[in-house]
Every structure is written in structure tokens, then in C-alpha cells.
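Take a look at the structure below.
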Amino acid sequence: MNEVPAPPFFRPSVPSEHGHGDGGAESLAVADLPHVMQDSNEHQYGRCSMKTSRLRWHHLSIVPLVVLLLSPGWGWTRVLENPQPGSFQSGIGVISGWVCNATRVEIRIDDGAPFPAAYGTSRADTADPKFCGDDGNNGFGLLFNWNILGDGVHRVRALADGVVFADVTFVVTTLGQGEFARGLTGATQIANFPQAGTVMRLQWQESQQNFSLSGAVPAGVSAAQCATQAATATDANGATASLSWSNPCLLSAGQAMLLTINNALSGATTAGLRAQTAPRPFFACDTDLRFVQGGRVFDASQFEWIDLFGERVCRMIAPGRSLQTFIRPRPRAQLNFNGPFQAEYAGRPVIDFPAREPCQLGVSPLVLDFGSVPVGEGRDTAVQVRNNGSGVLQGQATITAGGRHFQLLSPGSFALLEGQSQQIGVSFRPAAAGNHEGNIEISSNCGSALVRLSGQGVLPQPPQLSASPEKLDFGTIPRGGSSTREVVVTNVGGGTLEGELVLILEQGTSGSPIRFSLGPGQSRTISVTVTVGPNGPGGPFRGTVKISSNGGFKEIPVSGIVR
């Protein structure tokens with residue numbers, strides 16, 4: 001039997017042991033990612049045209065959504081957990097789930113040939129009797145590069161022993177860079193995610209062809225400090241290498257700083273440093289690195305410089321090679337990577353992380369007058385909070401007085417990057433008649449403000465009927481003819497005016513009632529028509545337009561002549 005060849009960028013995968021499905025998603029718009037220009041070292045994309053990407057957050061739910069087969073009892077036996085129906089896929093992901101008692105699991109993408117998935121991996125949760133009730137080795141997975149499919153709606157079918165048990169459509173979005181984008185780097189920040197008041201950082205990961213969380217931005221961090229900075233270092237032998245420092249303020253939980261060393265074949269030349277005319281190994285060692293902060297010098301006894309395998313950095317980096325490393329303070333060290341500091345290598349300055357630039361709280365307006373509002377009703381408006389500085393502005397708005405009559409329409413938390421603003425809705429709903437005052441106190445890491453609130457609660461007015469004209473003269477109407485006049489009905493009070501209008505003639509005839517419903521200040525024009533039959537009596541006629549409502553009554557005299 002011929003084996004089915006694996007497509008490019010396919011790898012078998014081990015499914016997760018937690019959760020069953022992708023039950024929901026939050027979406028965030030990220031403008032101009034990837035970016036064609038270099039912007040303050042935040043976006044450095046090599047070969048990518050400008051495009052706006054949309055990042056969608058997926059989280060797991062408890063109940064599987066893609067299940068087509070049940071056991072004879074009440075348990076699930078075959079489940080496709082990823083992708084979910086209608087989900088959004090990008091980069092490299094895993095098609096995964098679990099199946100009880102099968103010999104093989106295959107995945108078919110669109111109308112292509114099926115690919116074998118890795119099957120039989122540990123899924124302890126499926127050992128439960130209400131699922132498989134066996135040893136739990138029921139997981140399957142297939143690593144898949146969604147870029148291969150291209151943008152648009154696609155289909156995946158999962159088969160167990162040749163039988164389809166799940167059929168799902170989903171949406172693929174790519175960067176438009178082919179099957180595997182190379183040489184792209186970039187990061188961005190997203191405010192108020194995953195909850196209000198939090199700022200998260202996303203970093204492009206080439207191996208995943210996608211963005212990943214790289215940390216949370218603490219309050220008061222400036223945009224300049226949170227950029228990845230580039231520098232050049234010279235070792236004691238005069239060899240140079242380029243350095244890429246990922247600012248530690250974004251990795252506050254572990255106080256770790258990412259440093260990539262690249263010994264380019266072409267060498268490097270920078271101001272104040274000797275040109276490297278021929279490629280030479282660069283000696284990277286923790287004993288040559290030191291930090292200066294607050295007038296104090298911190299050497300290798302105060303920090304660890306390690307590679308991705310946890311090994312101490314003290315080695316030669318050959319020309320054309322690079323090394324990714326982490327630097328973290330040792331326990332009880334006074335070195336704080338979240339503050340301003342400088343780094344030196346082999347006695348020469350190489351990088352300077354500046355002090356945090358302050359954010360600046362702006363609030364407008366500072367006085368809100370809601371005017372007169374009937375008791376039991378409401379009037380809404382908003383206060384704008386803006387970050388007029390360059391750091392991250394984080395804070396909270398709270399009603400501190402007048403809470404019986406004034407309320408915030410949404411949670412008052414905010415986290416704003418430089419130049420960003422947010423509307424905080426506030427409502428005045430007087431619970432009693434009279435003049436009312438209140439306050440909104442806005443506190444933040446960069447100052448506070450007080451918004452004064454005022455409004456008058458008034459007793460609601462009942463509906464009140466007004467009608468015109470005072471009389472209706474239909475003039476002379478020939479037999480077999482008709483004549484029409486108009487009556488304007490208005491609610492000059494409050495509430496809702498409900499009523500009806502009817503024409504009654506002395507000759508014993510009347511029209512059908514016409515109903516109306518009017519809000520405060522509203523009017524309606526109603527046409528009233530008198531029709532005379534061909535054999536109707538001649539001479540003058542009289543009648544009345546009677547208007548009855550919950551806001552009063554009105555009678556309008558009617559007159560005319562039939563000839």
C-alpha cells in the first residue's frame with residue numbers, strides 16, 4: 001500500500017488534555033500589522049506590504065461543539081475539538097480531538113486526499129466511563145499550516161476507520177506572504193484585554209506564523225521604553241556583533257530580558273566603534289556584561305545570563321551565527337529591569353533604556369448639567385478620558401456622590417496608550433423631584449480628576465389634549481359628492497396621549513373611530529370626510545367631531561349644506 005505523502009509544513013501533534021472545543025472568541029482589531037515601515041523599532045517587517053490584520057482570541061469551552069457520534073449509553077465517542085465551526089484560523093495550528101476504539105484517524109482538507117493523523121496519544125479525560133472508559137490513549141492530532149489553504153472559507157472532515165464523524169467549515173486569514181512568511185518581526189500592544197485596565201503585548205513568532213502573548217504592560221510604561229532596541233557591542237578583541245534587546249518592562253512577572261546576539265558575516269560599523277573588516281568570532285560572556293542603574297554598577301554576581309537551554313552564556317559566536325539569551329536578576333539583587341538603566345559590554349556603553357515617560361490624564365467635560373428630567377425617566381451623556389502623555393494611562397471612574405440619581409452606564413476601568421481616549425457613559429435618572437448633584441471621581445496612575453454632576457428631577461406631566469380648528473365648515477356639497485377637512489390633534493402635556501376621533505352627524509350617520517397615540521409635543525393631522533349619497537336629503541346639516549382621550553375631551557362643531 002502506498003503511503004499518503006505529508007504536505008509541506010505538516011507535523012504530527014499531541015493534543016491537549018484539557019477542554020473540549022473552542023466555545024467562544026473575542027476579537028481585536030490591530031491596525032497596520034504587519035507594517036511596511038519601521039516605526040520606533042516596534043514594527044520591523046522586512047518584505048511585507050501594509051495590511052491591517054485582525055487578531056481573534058479563542059478560548060476553550062467545557063462542552064464539545066463538533067460531535068457526530070454517541071455511545072450506546074450517553075457518552076461521546078468521537079470528537080473533533082479543533083477547528084470549531086465558523087472559527088478563524090491563521091498561521092500554524094493543530095487539528096485535534098479524540099476517538100474511542102479506532103485503528104486510524106484521518107483528516108481531509110477541502111476536497112483533497114486524507115492525511116493520517118497521529119493517533120493514540122494520552123487523553124486522561126477520555127478514560128471516564130461516560131466517554132471512552134478505557135486507558136485514555138485516544139487523542140489524535142495533525143499539525144497544519146493554514147497558510148497553504150489561502151484566504152477564505154475552507155472545510156475539514158475527520159474520519160475514523162474511513163467513516164466521517166465531523167464536518168466543519170472555518171475561515172482562514174493569511175498575511176499574503178505565501179505558505180511561510182520569513183524575516184518578519186514586530187510587536188504591538190492591545191489595551192483593555194483580556195479585561196478592562198490591562199494592556200497586553202503581542203509578539204510575532206515566525207515558527208508559529210502567528211502572534212503570541214509576550215507579556216503585560218505595567219502602568220506608567222512609556223512607548224519608547226517598551227520598544228525592542230538595537231545596539232552594537234564590541235568584545236575585548238575588537239570583534240563586533242549586533243544586539244536586539246526586548247525591553248523587560250513587558251516581562252514584569254519574571255523580570256527577564258530577552259537579548260539576541262547576531263554576529264553578521266559582513267561585520268558592523270557604528271559611531272565610536274572600530275570597523276570590523278573581516279568576520280571574526282564574537283566572545284559573549286557574562287563577566288564582560290554589566291548594568292548601571294541609579295549610580296550603582298551591577299556585574300554578573302547580580303544577574304544570570306543564560307541561553308534558551310538554561311546554560312550560562314560564556315562562549316564564542318561564530319560569524320554568521322546568532323544566539324538567543326535571557327538575562328534575569330538573581331534573588332535579592334537590587335537590579336530592577338523595569339526602571340531606567342544602561343548596559344555596558346567589555347567596558348563600552350551599548351544600550352540605554354530611558355526613564356519612563358509619564359502619562360497624562362485628560363478629562364472633558366469637568367461639569368455636566370443634565371437639565372430637567374422627569375422623575376422615573378433618564379437622560380444619558382458621556383465623559384471622555386484621554387491619555388495626553390506618552391505612557392500607559394490606567395485608572396478607574398467611580399460615582400462618589402449622588403449615586404441614587406447618577407449611574408455609570410458601563411464599568412469605569414480604562415487602560416489607554418499614548419493619544420488614546422475612551423468614553424465613559426453616565427446617566428441621570430432622578431428618583432425624586434428637586435435639584436440633585438453628584439460627582440464622578442477619576443483616579444489613575446497619572447493623576448486624578450473630579451467631574452461635577454447636576455440635574456433637576458421634575459414630576460412627570462400627564463398627557464393633555466389640544467385640537468384645532470375650533471369648528472369645521474364643509475361648505476356646499478352636491479349630492480353624490482364629498483368634502484374633506486382636517487383636524488390637528490396635539491399632546492401638549494407629558495406621557496403618552498391615547499385617544500380616538502369620531503364624526504357624528506345630526507342626521508344619524510357617523511364615521512368609523514380613528515385612534516391615535518402621541519408622545520409629548522407630538523401632533524397628528526386627521527382627515528375628516530363627509531360624503532353625500534346621490535339621493536341624500538338636501539339643505540343644511542350639522543354634527544360634531546368628538547375627540548376622547550386620557551388627556552381630556554374635545555368637541556368640534558360641524559356644518560355644511562347639501563344641494
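Closest approach of Trp146 and Ser90 over heavy atoms only: CD1-O, 3.6 Å. For Gln422 against Ala415, the heavy-atom pair with the smallest separation is OE1-N, 4.5 Å. Counting all heavy atoms, side chain and backbone alike, Ser322 lies closest to Asn262 at CB-OD1, 3.8 Å. Glu344 and Pro349 make their closest contact through CG-CA, 4.1 Å (heavy atoms, listed as atom of the first residue, atom of the second, distance). Summarising the geometry of Ala127 relative to Asp134, their closest heavy-atom pair is CB-O, 3.3 Å, with the distance given to 0.1 Å. Closest approach of Leu393 and Cys446 over heavy atoms only: CD1-CB, 3.9 Å.
Taking the centre of each ring, Tyr345 and Phe282 come in below the 6.0 Å mark.
A donor and an acceptor atom, one from each side chain of Thr173 and Asp151, are nowhere located under 3.5 Å apart. Ser443 and Gln396 share no donor-acceptor pair across their side chains, judged by distance under 3.5 Å alone. Judged purely by distance below 3.5 Å, without hydrogens or angles, the side chains of Thr126 and Asn138 pair a donor atom with an acceptor atom. A side-chain donor-acceptor contact under 3.5 Å links Gln342 and Asp352. Side-chain atoms of Asn210 and Gln205 include no donor-acceptor pair closer than 3.5 Å. Between the side chains of Asp235 and Asn237, no donor-acceptor pair of N or O atoms lies under 3.5 Å. A donor-acceptor contact under 3.5 angstrom links the side chains of Thr325 and Trp305, judged on distance only.
The pair Asp286-Arg315 fails the salt-bridge criterion, with no side-chain N (NZ, NE, NH1 or NH2) lying under 4.0 Å from an Asp/Glu carboxylate O. One finds no salt bridge joining Glu106 and Arg108 here, because no Lys/Arg side-chain nitrogen approaches an Asp/Glu carboxylate oxygen to under 4.0 Å. No salt bridge links Glu418 with Arg386; every basic N to acidic carboxylate O contact stays at or beyond 4.0 Å.
Shown here is Asp110, whose CG atom has more than 12 heavy atoms of other residues, nucleotides or ligands within 6.0 Å.
Shown here are the salt bridge (charged side-chain N to carboxylate O under 4.0 Å, His left out) partners of Asp128, two or more places apart in sequence or in another chain: Lys130. Phe291 meets the ring-ring contact (aromatic ring centres under 6.0 Å, His included) test with Phe303, Phe337, Phe341; sequence neighbours excluded. With sequence neighbours excluded, no residue forms a salt bridge (charged side-chain N to carboxylate O under 4.0 Å, His left out) with Arg321.
Across Asn82, Val168, Asp167, a single residue satisfies side-chain contact (heavy atoms from CB on, under 4.5 Å) together with Val156, and that is Val168.
For the atom pair SG of Cys100 and CZ of Phe131, the computed distance is 9.5 Å after rounding to the nearest 0.5 Å. Atom CG of Asn101 sits about 6.5 Å away from atom SG of Cys132, to the nearest 0.5 Å. To the nearest 0.5 Å, atom CZ of residue Phe180 and atom CD1 of residue Ile148 are 10.5 Å apart. In this structure, Ile261 CD1 and Ile317 CD1 are separated by 4.0 Å, a value rounded to the nearest 0.5 Å. Summarising the geometry, atom CG belonging to Asn445 is positioned 6.0 Å from atom CD belonging to Gln394; distances are rounded to the nearest 0.5 Å. Between the CG atom of Leu409 and the OG atom of Ser427 there is a distance of 5.5 Å, given to the nearest 0.5 Å.
Side-chain contact between Phe326 and Leu308: present, with at least one pair of heavy atoms (C-beta onward) separated by less than 4.5 Å. In this structure the side chain of Asn137 never reaches within 4.5 angstrom of the side chain of Thr121, judged on heavy atoms. When side chains are defined from C-beta on, Ile424 counts as touching Leu408, because their heavy atoms get closer than 4.5 Å. When side chains are defined from C-beta on, Gln209 counts as touching Asn147, because their heavy atoms get closer than 4.5 Å. Side-chain atoms of Leu289 and Asp299, non-hydrogen and from C-beta on, never get closer than 4.5 Å to each other. Looking at Gln384 and Gln423, their side chains come closer than 4.5 Å, going by heavy atoms from C-beta outward. By the 4.5 Å heavy-atom criterion applied to side chains, Tyr119 and Leu142 are not counted as neighbours. Taking 4.5 Å as the limit, every side-chain heavy atom of Trp98 sits out of range of all side-chain heavy atoms of Arg78.
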Walk me through whether Gln89 and Ser87 qualify under side-chain hydrogen bond (donor to acceptor under 3.5 Å, both in side chains). CA-CA 7 Å; Gln89 306 297 331; Ser87 61; 2.9 Å; yes
side-chain contact (heavy atoms from CB on, under 4.5 Å) assessment of Val99 paired with Phe165: CA-CA 10 Å; Val99 175; Phe165 66 89; 3.6 Å; yes
Applying side-chain contact (heavy atoms from CB on, under 4.5 Å), run through Leu243 and Ile351 and close with a yes or a no. CA-CA 9 Å; Leu243 308 179; Ile351 200 73; over 6 Å; no
Stepwise, does the side-chain contact (heavy atoms from CB on, under 4.5 Å) test hold for Trp204 with Leu175? CA-CA 12 Å; Trp204 173 258; Leu175 295 178; 3.3 Å; yes
Stepwise side-chain contact (heavy atoms from CB on, under 4.5 Å) test for Thr232 and Val350: CA-CA 6 Å; Thr232 300; Val350 292; over 6 Å; no
Candidate pair Asp307 and Gln324, rule side-chain hydrogen bond (donor to acceptor under 3.5 Å, both in side chains), full reasoning: CA-CA 6 Å; Asp307 62 19; Gln324 281 196 322; over 6 Å; no
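Checking side-chain atoms of Glu304 against main-chain N and O of Pro329 turns up no donor-acceptor pair under 3.5 Å.
Using cut-offs of 30° and 60° on the angle between ring planes, the pair Phe170 and His154 is tilted.
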